[in-house]
Amino acid sequence: IASVHGQTTSPSATGVDAGKPTELLPLVDLLKHRRRGQWQNVGGELLAGPTGVSMMELPVDLPQTYEITVEFTRKTGNDFIYVLMPVDLP
């Protein structure tokens, strides 16, 4: 993952200014936010391990309305890439 930008419409999001694009990768602590797999930070980019499922949690509380842009480059393999976005249901 080269970069992840979040934009919110609420000031309640931790580490994100309301209405402004924010680079979220600097908020990631690989030991604290890794959920599964092997991860490393190489030149400011997150690099997932070559085998198995890798999951990383972005440490930000988003409001109900937001925009996100994810950029990634596949170095090897041909499996799926998922971006999961949790939502609160009424």
Side-chain angles (χ1 to χ4, degrees):
I1 299 175
S3 63
V4 179
H5 307 277
Q7 181 172 336
T8 72
T9 57
S10 167
S12 65
T14 302
V16 177
D17 292 329
K20 296 180 183 176
T22 302
E23 188 69 34
L24 299 179
L25 284 184
L27 303 176
V28 173
D29 177 322
L30 294 180
L31 296 176
K32 184 176 179 181
H33 300 116
R34 178 188 70 84
R35 295 296 171 242
R36 191 171 188 180
Q38 299 174 343
W39 290 88
Q40 54 184 315
N41 187 325
V42 178
E45 297 181 4
L46 291 183
L47 181 62
T51 60
V53 175
S54 297
M55 293 173 35
M56 178 67 63
E57 178 181 343
L58 296 176
V60 63
D61 297 321
L62 296 171
Q64 288 183 329
T65 303
Y66 59 90
E67 294 178 20
I68 187 166
T69 301
V70 179
E71 297 175 23
F72 64 89
T73 302
R74 181 186 301 278
K75 302 280 186 175
T76 62
N78 60 359
D79 211 347
F80 297 99
I81 295 175
Y82 295 102
V83 177
L84 303 174
M85 306 303 295
V87 296
D88 290 328
L89 300 175

Legend entry - Separation between CG of Asn41 and CG of Leu46, rounded to the nearest 0.5 Å: 6.0 Å

Inset, instruction - Sequence neighbours left out, what passes side chain to side chain contact (heavy atoms under 4.5 Å, CB included) with Arg74? Give chain and number order. - result: Ile81

Inset, instruction - Treating Ile, Leu, Val, Met, Phe, Trp and Tyr as nodes and any side-chain heavy-atom pair under 4.5 angstrom as an edge, say whether Trp39 and Met55 lie in one connected cluster. - result: no

Legend entry - Closest contact, heavy atoms only, Ser54 versus Gly49: OG-N, 3.9 Å

Legend entry - Contact check, side chains of Glu45 and Leu25, non-hydrogen atoms, under 4.5 Å: no

Legend entry - Minimum heavy-atom distance between Leu27 and His33, given as atom pair plus value: O-CE1, 3.6 Å

Legend entry - Glu57: side-chain hydrogen bond (donor to acceptor under 3.5 Å, both in side chains) partners, not counting sequence neighbours: Arg35

